[in-house]
Asker: 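Mind looking over this structure? Questions follow.
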There are 2 protein chains.
Amino acid sequence: MRDPVRAALAVCPVEVSIAVLGGAWKLSAVRYLLVRTHRFGELQRAVGDVTPRTLTRALRELETDGIVRRTVYAEVPPRVEYSLTELGESLRPIVDWLEKWGHDYVNAT
Amino acid sequence: MRDPVRAALAVCPVEVSIAVLGGAWKLSAVRYLLVRTHRFGELQRAVGDVTPRTLTRALRELETDGIVRRTVYAEVPPRVEYSLTELGESLRPIVDWLEKWGHDYVNAT
DNA sequence: CCGCATCCAAGCCGATACTG
DNA sequence: CAGTATCGGCTTGGATGCGG
């Protein structure tokens with residue numbers, strides 16, 4: 001378990017959720033993975049203007065936290081696919097609410 | 001509007017939500033304010049081991065983002081009460097989901 | 001009682017160049 | 001194609017002490 005998550009444990013369940021999901025690009029990536037499995041490059045183009053390094057870090061943390069599954073195919077050229085674990089799939093209602101709330105927030109301000 | 005929120009606008013509504021709610025202690029504070037209005041000291045004791053400075057900053061950002069209302073009473077000793085705006089109240093289902101998910105996450109790992 | 005000022009440490013995130 | 005290496009700025013959160 002990553003340190004931020006462990007620290008949040010001592011506070012409150014909502015802080016645990018924020019510790020897992022709170023990073024930049026993380027929920028954007030999850031949002032696309034809720035639709036279907038993506039290759040790395042696909043995901044990068046989908047989420048927008050993110051550098052490979054930054055997206056890699058976000059995905060690695062989500063993998064450590066048990067949200068994302070990473071599958072490497074021993075091919076040339078290399079292929080790596082990202083998909084959601086069962087735990088990741090369980091985020092669907094949260095992502096839907098956050099998307100709706102963010103949309104309404106923008107319209108309200 | 002704060003810079004992180006503006007930057008998230010260009011990406012996706014979920015990133016907007018994370019930009020507003022993603023800071024440490026923020027949703028813990030909102031969680032207690034969903035129950036009732038709190039004075040500053042009450043809130044500090046409720047959320048746990050947070051320094052006044054850190055909690056103040058979190059609340060100020062939530063105020064800037066339109067989530068929290070701050071009411072100062074011209075008394076001695078001073079009294080400051082925090083409550084939720086209508087926008088803040090609209091977070092209730094999200095906070096409930098995040099709390100449930102965080103709880104399940106801890107049990108699953 | 002509330003919270004600001006100052007200073008500080010850590011970590012996040014980005015740009016660029018390079019590799020199996 | 002899917003990353004890693006390296007460097008660096010900037011934001012975030014914390015400790016401590018003072019002020020209205």
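From a predicted model like this one, the values you see are computed outputs, not experimental measurements. Residue numbering restarts at 1 for every chain, and letters A, B, ... go by the order of the sequence lines.
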Asker: Test your reading of the model: is there a side-chain donor-acceptor pair from A:R79 to the backbone of A:R39, 3.5 Å cut-off?
Answerer: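 Not at all, since once roles are kept as given, no pair shorter than 3.5 Å links the two residues.
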
Asker: Is the distance from OP1 or OP2 of C:dG14 to the nearest side-chain N or O of A:T54 less than 4.0 Å?
Answerer: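 Indeed, a polar side-chain atom of A:T54 lies that close.
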
Asker: B:Q44 has an atom CD; how far is it from atom P of D:dG13, in whole Å?
Answerer: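 In whole Å, D:dG13 P lies 16 Å from B:Q44 CD.
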
Asker: Show your reasoning for whether side-chain contact (heavy atoms from CB on, under 4.5 Å) applies to A:Y82 and A:L62.
Answerer: CA-CA 11 Å; A:Y82 290 89; A:L62 289 171; over 6 Å; no

Asker: Is the number of heavy atoms from other residues, nucleotides or ligands under 6.0 Å of B:D49 CG greater than 12?
Answerer: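 Result for CG/B:D49: open.
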
Asker: Evaluate side chain to side chain donor-acceptor pair (under 3.5 Å) for A:E15 paired with B:S28, printing each intermediate quantity in order.
Answerer: CA-CA 7 Å; A:E15 294 293 328; B:S28 292; 2.6 Å; yes

Asker: Closest nucleotide of DNA chain C for B:L59 versus for A:K26: which of these residues is on the 5' side?
Answerer: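 Upstream on the strand: B:L59.
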
Asker: For every nucleotide of nucleotides 2-7 of chain D, 5' to 3': is a protein heavy atom under 4.0 Å from its base (B), only from its sugar-phosphate (S), or from neither (-)?
Answerer: SBSBBB

Asker: Are A:M1 and A:V68 in one and the same hydrophobic cluster, where Ile, Leu, Val, Met, Phe, Trp and Tyr link if side-chain heavy atoms are under 4.5 Å apart?
Answerer: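 Same cluster: A:M1 reaches A:V68 through Ile, Leu, Val, Met, Phe, Trp or Tyr contacts under 4.5 Å.
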
Asker: Can you tell me the distance, in whole Å, between the CD1 atom of B:I18 and the C1' atom of D:dT12?
Answerer: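 After rounding, the reported distance stands at 16 Å.
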
Asker: Roughly how many Å is it from CD in B:E61 to P in D:dT11, rounded to a whole number?
Answerer: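 One finds 12 Å between P of D:dT11 and CD of B:E61, rounded.
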
Asker: Taking the side chain from B:Y32 and the backbone from B:A46, do they hold a donor-acceptor pair closer than 3.5 Å?
Answerer: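 Present.
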
Asker: With sequence neighbours left out, write down each residue that passes ring-ring contact (aromatic ring centres under 6.0 Å, His included) with B:Y105, or none if nothing qualifies.
Answerer: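 For B:Y105, the residues satisfying ring-ring contact (aromatic ring centres under 6.0 Å, His included) (neighbours in sequence not counted) are B:W101.
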
Asker: Quick check on contacts: within residues 62-69 of chain B, what sits under 4.0 Å from DNA chain D by heavy-atom distance?
Answerer: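 The answer is none.
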
Asker: Mind calculating the distance between CG (A:D49) and P (C:dT16) to the nearest angstrom?
Answerer: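 Rounded to the whole Å, the gap is 11 Å.
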
Asker: Kindly say whether B:A19 contributes a backbone atom to a donor-acceptor pair with the side chain of B:R2 at under 3.5 angstrom?
Answerer: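 Indeed, once roles are kept as given, a pair shorter than 3.5 Å links the two residues.
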
